[in-house]
Amino acid sequence: MLTVRQIEENQHAVIQLLAKKQFRAESLVNEIIETDRKRKKLQNQLDNNLAEINRISKDIGQLFQQGKTQEANQAKEKTTSLKEDIKLYTRQLEESVQLLHELLVQLPNLPHESVPEGRAAEDNKEVRAGGKMPELPVDALPHWDLAKKYDIIDFEMGNKITGSGFPLYRNAGAKLQRALINFFLDEAANAGYTEMMPPILVNEDSGFGTGQLPDKEGQMYHVTGDNLYLIPTAEVPLTNIFRDVILSSFDFPVKIAAYTPCFRREAGSYGKDVRGLNRLHQFDKVEIVQIQHPDKSYEALEEMASYVETLLKKLDLPYRIMLLCGGDMSFTSAKTYDFEVLAAGQKKWLEVSSVSNFASFQANRLKLRFREEGDKRTQLAHTLNGSALALPRIVAALLENNQTQMGIKIPEALVKYTGFNMIE
RNA sequence: GGAGAGGUGGCCGAGUGGUCGAAGGCGCACGCCUGGAAAGCGUGUAUACUCCAAAAGGGUAUCGCGGGUUCGAAUCCCGCCUUCUCCGCCA
């Protein structure tokens, strides 16, 4: 959520920047500024009335103490019309505030100036690529066939237990999951991230804080009995640690990481692209989060991107890093790098990580502020996050790219975690 | 899930209808004192919105959260959240 001040002070820049995101902001921006003016006016009227009634109340108190009951009762009568006004203004102010809020949440985050122009995925810019393309025989299998062949992932059993999109990992498949989680967590710790293990159900406030609510309500599993939501990503509990928090500039950078299962309803996405591990309702992921000083957040974004890149290198996966164009970016992001790995068995690039700087957009919702040393005023911090990494598509690529006559080869860096170097 | 007791500022803690945004203490910051420090003394010490070109200075709200009663609520009433103790259940 942008702040009204941000919008008002840079009205034209906001409209221009949002055009890059293929968003026509002009009328919304005007409506926001107009509503805020109205809000201020109402606030003033209400405050003046409240000040007046406070004054009278104090007088009444004194009159009663002095035993001047009659004068006190006379003063009481004066408050009747004031109270009616107060009721009216309060209601109008609430309406204004709510409308302003509804308008503000419709406005996407501003893209950073370095974000390329473009409408859709084809316009994304490849910034780096690496890893060796595997040379597979013509009869190479996609991972869902390999999973069956080696009895490591049982999709049908998942269907029986829960439903589609909830696979059962077994044997080496289960061990591989555990190995990857530990590998990612250890790497994150080495890179300076503090490990957390957060709750995987969150309340409404947290859902709102990171922007899943109200816009993506249908994407989360909702536990209606207790009004809790299953997290779609660890970003939600991790970032909400900092809801309503005022940091000092000495606290930067905050670097935290967590493994959690993630739950996504993926309502409406069916078909070929969702086969096997490509798209699941439950999956495992290690997430990294940074809270940064506004002057440092784009540096931090690069740092996070290179960190994710080292993971893919260590896993010997062929990858490419895409800088998303304005039209392909998420609502909340100011700048995003997507990481894709090649799954050679299905000859497809799979997105395995998305690393974003949200600038102050999330911080404004969260009320995550900081104070510069010696400064009285608070300002919004910058938040960033990225997957490091999401497991299923990594597993898909590992299985497909490393298939041999003998079995599936485990990358060197993972062997000490799996305890085996081949799935046979 | 049942019964009872709590939730006050960075922390401790007073306050049960009237100049209470809140005593007192601790902590912290600044100043004085000192050769330097400690102690001592003095001053200051929340957040948000808003008025003002800005500063200074005002106004409003906030005592777990949300409603209500009242001229006036930290204080009374209702609902919710949460902590502690006991019982029940339980990995």
Side-chain angles (χ1 to χ4, degrees), chain A residues 1-9 32-105 197-209 213 222-229 237 240-251 261 360 362-381:
Chain A
M1 188 162 84
L2 298 174
T3 63
V4 178
R5 179 184 291 243
Q6 242 176 324
I7 296 164
E8 197 161 26
E9 286 176 359
I32 285 168
I33 291 170
E34 182 59 28
T35 307
D36 191 53
R37 286 210 181 108
K38 204 169 139 197
R39 191 203 107 242
K40 282 185 184 175
K41 209 176 138 198
L42 284 164
Q43 172 108 50
N44 258 315
Q45 284 170 319
L46 177 62
D47 283 359
N48 288 338
N49 279 299
L50 285 170
E52 177 71 6
I53 210 161
N54 283 346
R55 220 202 70 237
I56 295 174
S57 292
K58 277 180 188 172
D59 288 348
I60 292 174
Q62 279 181 337
L63 289 171
F64 272 124
Q65 274 173 351
Q66 292 162 9
K68 298 176 181 169
T69 319
Q70 232 179 11
E71 284 177 53
N73 284 329
Q74 270 170 12
K76 271 195 198 179
E77 282 165 26
K78 282 198 288 187
T79 63
T80 323
S81 68
L82 269 177
K83 282 184 84 170
E84 270 169 34
D85 287 350
I86 286 171
K87 238 176 210 163
L88 180 73
Y89 289 140
T90 304
R91 214 189 55 233
Q92 289 182 343
L93 180 64
E94 270 167 13
E95 281 168 10
S96 260
V97 167
Q98 207 201 326
L99 174 62
L100 182 62
H101 186 260
E102 278 165 16
L103 295 171
L104 280 171
V105 297
M197 191 177 263
I200 57 178
L201 277 94
V202 295
N203 59 28
E204 246 179 330
D205 285 347
S206 293
F208 178 79
L213 295 175
H222 187 189
V223 183
T224 50
D226 296 290
N227 198 25
L228 296 172
Y229 294 85
N240 272 285
I241 295 171
F242 300 93
R243 171 150 52 84
D244 283 318
V245 165
I246 300 176
L247 298 168
S248 120
S249 48
F250 299 118
D251 296 327
S360 61
Q362 265 187 343
N364 186 35
R365 274 197 175 210
L366 291 162
K367 299 206 184 70
L368 164 53
R369 292 150 293 170
F370 75 99
R371 214 189 312 265
E372 210 83 67
E373 197 197 353
D375 217 343
K376 221 180 128 81
R377 283 201 70 80
T378 59
Q379 41 181 322
L380 293 169

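The sequence lines fix the lettering, A, B, ..., with proteins before strands; numbering per chain opens at 1. Computed from a predicted structure; not experimentally measured.
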Q: May I ask which nucleotide in the shown strands pairs with rC71(B), Watson-Crick or G-U wobble, both distances under 3.5 Å?
A: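 For rC71(B), the partner nucleotide comes out as rG18(B), under the 3.5 Å rule.
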Q: Which nucleotide, in any strand shown, forms a Watson-Crick or G-U wobble pair with rC32(B), with both distances under 3.5 Å?
A: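 Paired with rG40(B).
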Q: Would you measure the distance from the P atom in rC65(B) across to the matching atom in rG9(B) and give it in whole Å?
A: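 Going atom to atom, P in each nucleotide, I get 10 Å.
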Q: Can any side-chain N or O of Asn73(A) pair as donor or acceptor with the backbone N or O of Gln70(A) at less than 3.5 Å?
A: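 Pair absent, no side-chain N/O of Asn73(A) close to backbone of Gln70(A).
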Q: Provide the distance between the two C1' atoms, one in rU62(B) and one in rG66(B), to the nearest whole Å.
A: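 Those two atoms are separated by 13 Å.
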Q: Round to the nearest Å and state the distance from Asn203(A) atom CG to rC80(B) atom P.
A: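 After rounding, the reported distance stands at 17 Å.
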Q: Which part of the nucleic acid, if any, lies within reach of Arg371(A) when heavy atoms closer than 4.0 Å are counted: base, sugar-phosphate only, or nothing?
A: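 Sugar-phosphate, backbone atoms only, no base.
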Q: Considering just the side-chain nitrogens and oxygens of Asn54(A), establish if one lies under 4.0 Å of OP1 or OP2 belonging to rU60(B).
A: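 Result: yes.
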Q: Measure the shortest side-chain to side-chain distance between Leu366(A) and Asp244(A) over non-hydrogen atoms and say whether it is less than 4.5 angstrom.
A: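 No; the side chains remain at least 4.5 Å from each other.
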Q: Partner of rG7(B) by Watson-Crick or G-U wobble geometry, both contacts under 3.5 Å, or none?
A: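 rC81(B) - that is the nucleotide pairing with rG7(B), both distances being under 3.5 Å.
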Q: Is there a side-chain contact between Ser57(A) and the phosphate of rA73(B), meaning an N or O under 4.0 Å from OP1 or OP2?
A: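 So the side chain of Ser57(A) is outside the cut-off, no N or O lying under 4.0 Å from OP1 or OP2 of rA73(B).
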Q: Quick check on RNA chain B: between Ile53(A) and Leu50(A), whose nearest nucleotide comes earlier from the 5' end?
A: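 The residue mapped nearer the 5' terminus is Leu50(A).
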Q: Could you tell me how far apart Ile246(A) (CD1) and rU45(B) (P) are, to the nearest whole angstrom?
A: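 Answer to the nearest Å: 17 Å.
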Q: For nucleotides rU19(B) and rC12(B), find the distance between their C1' atoms and express it as a whole number of Å.
A: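 It works out to 27 Å between them.
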Q: Tell me what Thr378(A) touches on the nucleic acid: a base, only sugar-phosphate, or nothing, going by heavy atoms under 4.0 Å.
A: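 Contact class for Thr378(A): sugar-phosphate only.
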Q: Quick check: closest heavy atoms across Ile246(A) and Phe370(A), and the distance to 0.1 Å?
A: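 Looking at all heavy atoms of both residues, the shortest contact is CG2-CA, 4.4 Å.
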Q: In whole Å, measure the gap between the P atoms of rG68(B) and rC86(B) for me.
A: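 Nearest-Å result for rG68(B) against rC86(B) at atom P: 38 Å.
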Q: So what does Arg369(A) hit on the nucleic acid, given a heavy-atom distance under 4.0 Å: a base, only sugar-phosphate, or nothing?
A: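 If one applies the 4.0 Å heavy-atom cut-off, Arg369(A) turns out to touch the sugar-phosphate alone, with no base involved.
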Q: By the 4.0 Å heavy-atom rule, please label Ala51(A) as base, sugar-phosphate, or nothing.
A: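 Since only primed, P, OP1 and OP2 atoms lie under 4.0 Å of Ala51(A), the category is sugar-phosphate.
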Q: Less than 4.0 Å between a side-chain N and a carboxylate O, is that true for Arg55(A) and Glu52(A)?
A: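 The answer is yes: the pair qualifies as a salt bridge.
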Q: Step by step, work out the side chain to side chain donor-acceptor pair (under 3.5 Å) result for Gln98(A) and Glu102(A).
A: CA-CA 6 Å; Gln98(A) 207 201 326; Glu102(A) 278 165 16; 2.9 Å; yes
Q: Name the pairing partner of rA53(B), where a pair is Watson-Crick or G-U wobble with both distances under 3.5 Å, or state none.
A: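 Answer to the pairing question: none, since rA53(B) forms no Watson-Crick or G-U pair.
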Q: Output yes when at least one side-chain N/O atom of Lys83(A) is less than 4.0 Å from OP1 or OP2 of rC71(B), else no.
A: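 Yes, such a contact exists.
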Q: Counting Watson-Crick and G-U wobble pairs only, both distances under 3.5 Å, name the nucleotide matched with rC90(B), or none.
A: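 For rC90(B), the partner nucleotide comes out as none, under the 3.5 Å rule.
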Q: Quick one: label Leu82(A) by what it contacts on the DNA or RNA (base, sugar-phosphate, nothing), any heavy atom closer than 4.0 Å.
A: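 Contact class for Leu82(A): none.
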Q: For Asn48(A) and rU50(B), give me the distance from atom CG to atom C1', rounded to whole Å.
A: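 So the CG-C1' distance, Asn48(A) to rU50(B), works out to 10 Å.
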Q: Between rA38(B) and rG27(B), how far apart are the P atoms? Round to whole Å, please.
A: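 The answer is 13 Å between these two P atoms.
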Q: Atom CG of Leu46(A) and atom P of rA61(B): how far apart are they, to the nearest Å?
A: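 Whole-Å distance recorded here is 9 Å.
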Q: Starting from P on rC71(B), measure out to CD1 on Ile60(A) and report it in whole angstrom.
A: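 These atoms are roughly 8 Å apart.
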Q: Expressed in whole Å, how much space separates the P atoms belonging to rC28(B) and rA39(B)?
A: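 rC28(B) and rA39(B) have their P atoms separated by 9 Å.
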Q: Rounded off to whole Å, could you give me the CG-to-P distance for the Asn49(A) and rA61(B) pair?
A: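 Going from CG in Asn49(A) over to P in rA61(B) covers 12 Å.
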Q: Show your reasoning for whether side chain to side chain contact (heavy atoms under 4.5 Å, CB included) applies to Arg37(A) and Glu8(A).
A: CA-CA 11 Å; Arg37(A) 286 210 181 108; Glu8(A) 197 161 26; 4.0 Å; yes
Q: Nearest whole Å is fine: how far is rC52(B) C1' from Asn44(A) CG?
A: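 Result: 11 Å.
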Q: Can you tell me if the side-chain N/O atoms of Arg377(A) get under 4.0 Å from OP1 or OP2 in rU47(B)?
A: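 It does not, given that no N or O in the side chain of Arg377(A) lies less than 4.0 Å from OP1 or OP2 of rU47(B).
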Q: Under a 3.5 Å cut-off for both distances, is rA48(B) Watson-Crick or wobble paired, and to whom?
A: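 rA48(B) is paired, partner rU60(B).
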Q: With rounding to whole Å, what would you report as the distance between rG57(B) and rU69(B) at their P atoms?
A: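 Comparing P positions in rG57(B) and rU69(B) gives a spacing of 38 Å.
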Q: Roughly how many Å apart are rC41(B) and rU34(B), using the C1' atom of each and rounding to a whole number?
A: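 Going atom to atom, C1' in each nucleotide, I get 13 Å.
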Q: Where does the angle between the aromatic ring planes of Phe208(A) and His101(A) fall among parallel (under 30°), tilted (30 to 60°) and perpendicular (over 60°)?
A: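 If you compare the ring of Phe208(A) with that of His101(A), the planes turn out tilted.
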Q: For Glu77(A), which contact category applies under a 4.0 Å heavy-atom criterion: base, sugar-phosphate, or nothing?
A: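 Nothing, no heavy atom under 4.0 Å.
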Q: Whether the Ser57(A) and Asn54(A) side chains hold a donor-acceptor pair (N or O, under 3.5 Å, no angle test) is what I'd like checked.
A: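 Ser57(A) vs Asn54(A): no donor-acceptor pair found between side chains.
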Q: Could you state the atom-to-atom distance from NZ of Lys87(A) to P of rU69(B) in whole Å?
A: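 Going from Lys87(A) (NZ) to rU69(B) (P), I get 6 Å.
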Q: So if I take every side-chain heavy atom of Gln62(A) and compare against rC71(B), rC51(B), rU19(B), which nucleotide ends up nearest?
A: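 Between rC71(B), rC51(B), rU19(B), the one nearest the side chain of Gln62(A) would be rU19(B).
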